[in-house]
Amino acid sequence: MNLKKLILTENACFKTGQTITPKGIMVHSTGANNPKLSRYVGPDDGLLGKNPNNNHWNTARPDGREICPHAFIGKLADGTVATYQTLPWNHRGWHAASGNKGSANSTHIGFEICEDGLADANYFNAVYRESAELCAMLCTVYKLDPMAAGVIIGHYEGHKLGVASNHADPGHWFPRHGKTMDDFRKLVKQLLDGTPNPVPPPPPVTTVPPTTPQTLYRVQVGAYSSKANADAALARAKALGFKDAFIFTQ
C-alpha cells in the first residue's frame, strides 16, 4: 500500500472534533470520471499535482456539501496509485450521509475510490488491490473481522442496512470487472491470513500422441550371390547391434 497523509483541516467535518470507536469500514467511489487525487485532496504537496480549479475538499463545505471521508484512493501526478488519509481514523467522518445523517458515520471508517471511466482494467485492479490493503491494515489496527456481517460494506450495502444514504457505489463499478463486495471481503481476509494471491495448482501435463504416421527408412548393407557370404554379413550386422537385420531374397 502506498499510504500518504494530508488531513483536511479546513473541512467543517474535521473542525467538529468528534471521534468514534471504529466498528467497520465503508467503501465508496466518487461517481465522477476523474481518477486524480488532486481533485479531492489538497493543497498540492508536491506529489498530488496542481488542481487548476482549486476545488479540492480541504474547504469548509466542498461543493456546498457537508462531506468528508477518512481517505481517498486514486492517481498521483505521476500516474501511480496511492492512498491519502484525510481524517484521523477515529474521527467521525461525513461519508455515509451528509453531516449528522447516516448512522454509519458514527461506526464506520469511510474511504472514496476515485473513479475513472470505469472501463480501464489496469486502473481498476490497482485501486481494488490498494483498497483491500487499506482495509486489511485498518482491520489489524481495530481488530475487525472482514467476513463478519456489516463490518466491510459498500455504500449501497449500507443503504440496504438502513445506515447510509441511497447510493449505488461501488456496486455499479466492481461487477464491470468481474468483482463483487464478497470478492473484496475475501481478498481482505486473504491479506490478513498472509495468502493474498492463492496460486491454483498447475494443470496436469498430458502427452499428445503424434498425429502423423511414423516413417521408417531401411538401409541395405550388401548383395551376395553366395548364401554363405550373405549369412556371414548378417552375423556381422547383428554382432554390431543391428538386431532387426535380416536376409531378403529376390
Side-chain angles (χ1 to χ4, degrees), residues 1-9 11 13-14 17-30 37 40-41 45 47-48 57 68-76 80-96 102-114 123-158 160-161 163-164 169-171 173-174 177 179-200:
M1 181 173 55
N2 187 12
L3 180 61
K4 314 291 183 184
K5 182 185 288 188
L6 198 162
I7 302 301
L8 304 182
T9 56
N11 193 290
C13 175
F14 175 79
Q18 295 179 317
T19 60
I20 64 172
T21 300
K23 303 294 185 184
I25 305 165
M26 184 172 285
V27 182
H28 303 265
S29 59
T30 55
L37 284 161
Y40 305 97
V41 186
D45 61 355
L47 297 174
L48 290 162
W57 288 12
C68 192
H70 294 84
F72 285 90
I73 294 175
K75 287 185 178 180
L76 295 170
T80 58
V81 167
T83 301
Y84 263 76
Q85 181 184 356
T86 49
L87 285 175
W89 302 123
N90 67 341
H91 193 94
R92 185 179 184 275
W94 292 346
H95 61 90
S103 61
N105 285 339
S106 299
T107 56
H108 283 59
I109 294 168
F111 68 90
E112 294 271 0
I113 309 172
C114 298
Y123 177 69
F124 173 80
N125 289 334
V127 294
Y128 181 82
R129 174 74 181 204
E130 184 81 4
S131 301
E133 291 180 355
L134 172 61
C135 287
M137 182 203 76
L138 293 171
C139 285
T140 300
V141 171
Y142 292 103
K143 297 179 172 55
L144 305 176
D145 178 359
M147 303 304 292
V151 172
I152 296 180
I153 55 176
H155 193 154
Y156 74 97
E157 292 176 311
K160 291 178 180 179
L161 293 171
V163 298
D169 57 309
W173 186 9
F174 281 20
H177 299 277
K179 299 296 182 183
T180 66
M181 280 302 298
D182 284 339
D183 295 324
F184 183 78
R185 286 183 277 265
K186 289 175 184 177
L187 177 55
V188 176
K189 180 67 163 59
Q190 290 165 0
L191 286 165
L192 290 170
D193 291 342
T195 56
N197 290 308
V199 179

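These values consider heavy atoms only, across backbone and side chains, with no hydrogens, waters or symmetry-generated copies.
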Handout entry: side-chain contact (heavy atoms from CB on, under 4.5 Å) between L191 and C135, worked out
Key = CA-CA 9 Å; L191 286 165; C135 287; over 6 Å; no
Handout entry: Minimum side-chain heavy-atom gap C139-I25 below 4.5 Å
Key = yes
Practice task
Examine distances only and state if a side-chain atom of H108 and a backbone atom of V27 form a donor-acceptor pair shorter than 3.5 Å.
Solution key: no
Exercise for the section: Could you list the residues that satisfy ring pair (Phe, Tyr, Trp, His ring centres under 6.0 Å) with Y40, not counting sequence neighbours? Expected result: W57, F72
Problem - Parallel, tilted or perpendicular, as decided by the 30° and 60° cut-offs, for the rings of H28 and H95 - result: perpendicular
Exercise for the section: Check whether any side-chain heavy atom of V81 lies under 4.5 Å from a side-chain heavy atom of N2, and answer yes or no. Expected result: no
Exercise for the section: Enter the distance from Q190:CD to D183:CG here, rounded to the nearest 0.5 Å. Expected result: 9.5 Å
Fill in the blank from the handout: Separation between CG (L187) and CG (D182), nearest 0.5 Å, reads 12.5 Å
Exercise for the section: Kindly say whether M1 contributes a backbone atom to a donor-acceptor pair with the side chain of E133 at under 3.5 angstrom? Expected result: yes
Handout entry: Residues which pass ring pair (Phe, Tyr, Trp, His ring centres under 6.0 Å) with F111, listed by chain and number, not counting sequence neighbours
Key = none
Exercise for the section: Quick one: closest heavy-atom pair of L3 and M137, and the distance? Expected result: CD2-SD, 4.1 Å
Practice task
Could you tell me the separation between the CG atom of L6 and the CG atom of L8, rounded to the nearest 0.5 Å?
Solution key: 6.5 Å
Exercise for the section: May I ask you to decide if G110's main-chain N or O and H70's side chain share a donor-acceptor pair within less than 3.5 Å? Expected result: yes
Practice task
To the nearest 0.5 angstrom, please state how far the NE2 atom of H155 sits from the NZ atom of K160.
Solution key: 12.5 Å
Exercise for the section: Over 60° means perpendicular and under 30° means parallel, so classify the ring planes of F184 and Y128, tilted if in between. Expected result: perpendicular
Handout entry: Pairs touching residues 135-146 that satisfy side-chain hydrogen bond (donor to acceptor under 3.5 Å, both in side chains), sequence neighbours left out
Key = none
Fill in the blank from the handout: dist C68:SG -> E112:CD (nearest 0.5 Å) comes out at 10.0 Å
Handout entry: Sidechain-backbone polar pair: T86 side chain, A71 backbone, donor-acceptor under 3.5 Å
Key = yes
